[in-house]
Number of protein chains: 2
Amino acid sequence: MARPRNFNEAQALKSAMHVFWQKGYEATKVPDLLAATGLSRSSLYETFGDKQALFEASIKEYNRSITGVRLVQLQRGRTAKEGLTLFFDHLIATCLDESTPSGCLMVNTTTTLDPHDQRIKEIVNESGKGFHEAFLALLERAKADGEISSSQNLQDLVHMLVAIIVGINVMARTTMDAATLQTMADSTINVVFS
Amino acid sequence: MARPRNFNEAQALKSAMHVFWQKGYEATKVPDLLAATGLSRSSLYETFGDKQALFEASIKEYNRSITGVRLVQLQRGRTAKEGLTLFFDHLIATCLDESTPSGCLMVNTTTTLDPHDQRIKEIVNESGKGFHEAFLALLERAKADGEISSSQNLQDLVHMLVAIIVGINVMARTTMDAATLQTMADSTINVVFS
DNA sequence: TCTTTTCTGGACTAATTGTTCCGGAACGCG
DNA sequence: CGCGTTCCGGAACAATTAGTCCAGAAAAGA
């Protein structure tokens with residue numbers, strides 16, 4: 001009937017997400033998005049609405065793909081410790097991969113969050129909660145399997161664990177040094193599974 | 001001889017620093033800086049140069065005052081453990097104080113750092129190095145005093161400790177919950193001084 | 001009071017921003 | 001081959017941006 005789309009909407013969204021991930025919302029200008037997606041101005045606005053809407057779509061996409069894949073690693077181990085190891089391996093690998101930005105879009109967004117932007121805040125909080133729960137589940141599994149002391153307060157431990165991972169995601173933006181990142185990961189694993 | 005300054009330059013710089021701290025470089029517009037400092041456009045440009053220069057001055061001021069005061073806490077304890085405790089107490093107190101932004105300007109800057117901005121990168125790296133060294137010194141003191149096991153690899157431990165603190169500074173921007181922040185701090189102290 | 005210096009408010013500019021809009025081209029289908 | 005629909009390039013626009021500039025006010029000392 002009508003002329004079909006000349007571009008892949010999902011692919012374009014991923015490209016836009018990468019730009020926001022690397023540069024942040026404010027520093028990302030519409031021409032950057034046009035260049036990254038390859039879309040024309042009209043197509044971009046027609047497809048995604050305005051910049052704010054595209055950003056919102058981008059962080060949702062980020063949670064779906066990037067964060068999702070990272071968290072899945074936790075369950076891909078025969079033990080909880082192995083799961084956490086796989087998580088860090090995957091995190092470090094993507095940070096070293098030059099075709100994707102380092103760090104975490106959710107973390108970056110948190111540090112520049114406009115307190116009045118309720119919609120974005122909501123999404124970030126939701127993502128954080130999912131993150132927290134995934135690690136809590138891992139620790140509960142570890143406790144049930146006797147991998148960690150049964151006297152450990154899991155809530156306290158998971159708070160600390162999440163804080164470390166957030167910190168690593170920040171430092172990964174400047175520290176491309178694989179050894180340093182690996183050291184942080186190893187220390188963390190050792191602390192949790194003492 | 002001539003008309004003296006009608007404003008306090010140091011005070012104006014502090015005000016500008018607060019804006020950058022809260023909103024980030026890109027989201028901070030010149031009118032925001034005028035409102036915060038109370039200066040006129042001409043005075044601002046005359047005194048501090050352009051926006052970039054003012055930002056650079058702001059992060060230097062941040063390192064001098066905020067980070068400086070935070071790190072000094074480490075030495076204000078009779079033991080290393082007490083020093084770390086004081087550090088966290090001070091950090092949490094300032095995060096809860098509504099008259100100053102939460103989190104850390106250096107951390108925020110890292111997550112939105114333009115990779116091509118060499119000058120800013122330099123300052124942030126320098127600050128990070130100082131931070132690292134201060135905590136390394138604390139741990140060395142702890143080891144010498146027998147507060148931590150002599151078999152601990154201090155370099156690994158300090159990397160993890162710094163990552164946690166960075167993470168806490170990120171989470172403090174959304175989590176104003178004192179209890180959660182305190183929990184993270186307590187867990188960290190327990191891990192380091194096991 | 002007069003001079004000299006410097007601050008200050010606001011007008012001004014030039015570039016960039018996000019966003020809209022339209023005419024024409026491209027495509028699938030009958 | 002036309003028809004209808006959709007895409008797309010680029011022009012156009014209004015708002016906002018960072019930054020400049022100048023005329024006059026303000027202050028301190030002679």
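The chains referred to below are lettered A, B, ... by the order of the sequence lines, with proteins before strands, and numbering in each begins at 1. Note: hydrogens, waters and symmetry copies are ignored here, and every other heavy atom, side chains too, is used.
Sorted by first and then second residue, the salt bridge (Lys or Arg N to Asp or Glu O under 4.0 Å) pairs involving residues 107-132 of chain B (not counting sequence neighbours) are B:Glu56-B:Arg119. A side-chain hydrogen bond (donor to acceptor under 3.5 Å, both in side chains) check over residues 78-90 of chain A, counting only residues at least two apart or in different chains, returns nothing.
In summary, A:Lys143 and A:Glu140 do not engage in a salt bridge, as defined by a charged side-chain N under 4.0 Å from a carboxylate O.
For A:Ser150, the side chain to side chain donor-acceptor pair (under 3.5 Å) test picks out no residue, with sequence neighbours left out. A:Val19 is linked by a side chain to side chain contact (heavy atoms under 4.5 Å, CB included) to A:Lys23, A:Thr28, A:Asp32, A:Leu33, A:Ala36, counting only residues two or more places apart in sequence or in another chain. Residues satisfying the ring pair (Phe, Tyr, Trp, His ring centres under 6.0 Å) test with B:Phe87, not counting sequence neighbours, are B:Phe135.
For the pair B:Glu46 CD and C:dG9 P, the computed distance is 14 Å after rounding to whole Å. Atom CG of A:Leu44 is separated from atom C1' of C:dC21 by 16 Å (rounded to the nearest Å). What separates CZ of B:Phe7 from P of C:dC7 is a distance of 7 Å, to the nearest Å. The separation between B:Glu9 atom CD and C:dT6 atom C1' is 14 Å, rounded to whole Å. Spacing between atom OH of A:Tyr25 and atom P of C:dT17 amounts to 13 Å, rounded to whole angstrom units.
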Query raised in the report: Just by protein heavy atoms under 4.0 Å, how would nucleotides 10-22 of chain D read 5' to 3' in B, S and -?
Result: BB-----SBBBB-

